[in-house]
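Notes for the one structure printed next.
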Amino acid sequence: MDPGTHFAFGTHEQHGFVAAFTASMPAHLAHWFLVREQFEPVPDQPGLFRLTEPERDGPRRTRQAVHDLRRHGYTVQADVALDPAASASPPRPVRPHGLMERRSRIAQAAGRSSQHGKAPTTTPPAARLPIPPKPTYAPTVHLTASATGRSR
């Protein structure tokens, strides 16, 4: 094994899909990563981890673990069947600045004007009717007691 290798993945006749870490990897950190990748420590075999529920799509989950660890910058050795780089459909490469690129595209789209023209919210000034002038007098209305419902 290459001296710079951090993890190794393979198959074991008794434990199924297994992973181990090398001396170049701190044990507590390796344990943390492998547990999050759904591996559990094998009792009585320090440094060896097995995939939990290997019958539940074990090869794909193991390839995904290899891919994830490599994406975090670790050197991983894997059997050919478990190596995502050697499989028919490796996981898509991760863009280093994907979130920033997406935000930039959204900001650019927000700054552009719409392809559809805005509909006017009011009629244009030329089409408005003129407002009639305010009357100079106020008509006086005289109400009688019978019209108001009051009695004198």
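Fair warning: this is a prediction, and the values are worked out from it, not measured in the lab.
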Can you give me the closest heavy-atom contact between [X] and [Y], atom names plus distance?
{"X": "H31", "Y": "P41", "value": "NE2-CG, 3.7 Å"}
{"X": "F49", "Y": "V42", "value": "C-CG2, 3.9 Å"}
{"X": "P26", "Y": "S24", "value": "CD-O, 4.0 Å"}
{"X": "A65", "Y": "E37", "value": "CA-OE1, 3.4 Å"}

Worksheet item: Any salt bridge between R70 and D83, counting N to O under 4.0 Å?
Response: yes
Gap separating the [atom1] atom of [X] from the [atom2] atom of [Y], nearest 0.5 angstrom:
{"X": "R50", "Y": "T11", "atom1": "CZ", "atom2": "OG1", "answer": "15.0 Å"}
{"X": "L51", "Y": "E40", "atom1": "CG", "atom2": "CD", "answer": "8.5 Å"}
{"X": "R60", "Y": "F17", "atom1": "CZ", "atom2": "CZ", "answer": "11.5 Å"}
{"X": "Y74", "Y": "L29", "atom1": "OH", "atom2": "CG", "answer": "4.0 Å"}
{"X": "Q64", "Y": "Q38", "atom1": "CD", "atom2": "CD", "answer": "10.0 Å"}

Hydrophobic cluster identity match, [X] and [Y], side-chain contacts under 4.5 Å:
{"X": "V66", "Y": "L69", "result": "yes"}
{"X": "L48", "Y": "W32", "result": "no"}
{"X": "F21", "Y": "F33", "result": "yes"}
{"X": "V76", "Y": "M25", "result": "yes"}

Worksheet item: Do F9 and F39 have their ring centres less than 6.0 Å from each other?
Response: yes
Considering only heavy atoms from C-beta outward, does the side chain of [X] approach that of [Y] to under 4.5 Å?
{"X": "H15", "Y": "Q45", "answer": "yes"}
{"X": "T52", "Y": "R61", "answer": "yes"}
{"X": "T75", "Y": "F7", "answer": "no"}

